[in-house]
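Heads up: the structure comes next, in structure tokens.
These numbers come from the heavy atoms of this one structure, side chains and all, not from hydrogens, waters or symmetry mates. Everything quoted here is computed from the prediction, not taken from an experiment.
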Amino acid sequence: MTTTATQGPKGRPDPGGRPGVPPRTATHAHPGQAPGDHASPGAALAVLPHVLRTALAWTDAHRAEFALPDDVLDPRTQVNATLKPLGELAQLCSTVRAATAPGTSEHGVAGDLVTYAWEQVSRGDLLLDLLRTEPFAAYPYEIYAAFAGYGLRHEGFEALARPLTATRAWAHTEQHANRQLGLINSERRVGVVTHTDAGGVLSRTWLGGLSEPWTFEGPSGYALTHTVFHLTDWGRMPDRVPEKTDAYLRTWLPAWADGCLESGQWDLTGELLAVGASLPGPAPLELMDAVWPALAGVQHATGCVPETGVPVQEPAPDPYPFIDCYHSTLVTAFAAALSLRSLRSPGRTDRTTPGRERHTP
């Protein structure tokens, strides 16, 4: 089966190239300053419920587009056009359900979509077949972990995976550091001993090294966001973010988001907002109040959000091809659910209010 890394939109490797992302992302906002001249207090909360509801409604209405083809196990089948979108549906909707209140429509729709995805993989049987075919490929394990973290398990899959993940070959699979963090998080979800320490791997990532903020671009941006997602279990464990990393992100997220808005990188904008909502302590209010209204303005009336480019404003049932908007729409719902949780629960951790990273003007 043909496969690449399973984290970037449209099957691009993570980290990987993003056509359309300029060599640099404009950062004309000052460090720690939200995009735009002023952020209207409460602006994020004013738009977020509608953004979340309509993004989920679009996803639900297009669930058939996530269905797996009959030949999904054929070695010639492209994983990035079949299993990858379905795995993202399971992962992001399970987080939306965890972040929303029981009894709400959003909670119910998100849960229904995870159940749909589980049925598509034959309640785990298909993933077991994949694991037998590619025992040392990470993607079957990572997709399974998305379900396991939700409480959906398959005894046969875990019985085969347990000895495989205990091998030296598994522990020494060569991959980018942020991808290794994804595997560690998957191991945690499944409940096995992790093959290495997350802290040591974090230090080898672009984010963990507190890289010069002006080197931020498309590949490093997606590497950064997924480092945070893997570290925090997709926003569920904010306290796993070290204090220095927290301060660094609070300082530079506004400028990076400003650059993404300016260059029409809506998918990456959504991921940066999700990162902001995954930090320990209070929500970054100025960032959210400035950026969420802008992203809400990009969202089509149907609820979908394009990955990049000039947004379509005209009424249309399907303004974009599915492949060009499914990921960014899922990310928007994911980021909106985390942002609402963060904004409504300012005291969710015991960590004291974080400061800004020290920097030289």
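No side-chain heavy atom of H172 sits under 4.5 Å from any side-chain heavy atom of H195. When side chains are defined from C-beta on, P280 counts as touching D246, because their heavy atoms get closer than 4.5 Å.
In this pair, F229 and W234 present their aromatic rings parallel. The plane angle is below 30°, not in the 30 to 60° band. In this pair, W58 and F322 present their aromatic rings parallel. The plane angle is below 30°, not in the 30 to 60° band.
Residue F216 is tested with W256, Y222, Y248 for a ring-ring contact (aromatic ring centres under 6.0 Å, His included); the sole match is W256.
Under the 4.5 Å side-chain heavy-atom criterion for Ile, Leu, Val, Met, Phe, Trp and Tyr, Y320 and V51 are members of distinct hydrophobic clusters. No single ILVMFWY cluster, assembled from side-chain heavy atoms under 4.5 Å apart, contains both L340 and M237.
The number of heavy-atom neighbours closer than 6.0 Å to CZ of R123, taken from other residues, nucleotides and ligands shown, is 12 or below.
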Dump the intermediate steps for side chain to side chain donor-acceptor pair (under 3.5 Å) on T196 and Q180, then the final yes or no.
-> CA-CA 9 Å; T196 191; Q180 194 172 8; 4.9 Å; no
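Nearest heavy atoms, P311 versus W266: CD-CZ2, 4.2 Å. In this structure, E314 and H300 approach most closely via the heavy-atom pair O-NE2, 2.9 Å. Closest heavy-atom contact between E142 and L183: OE2-N, 3.8 Å.
With hydrogens and angles left out, the side-chain atoms of E134 and Y139 include a donor and acceptor closer than 3.5 Å.
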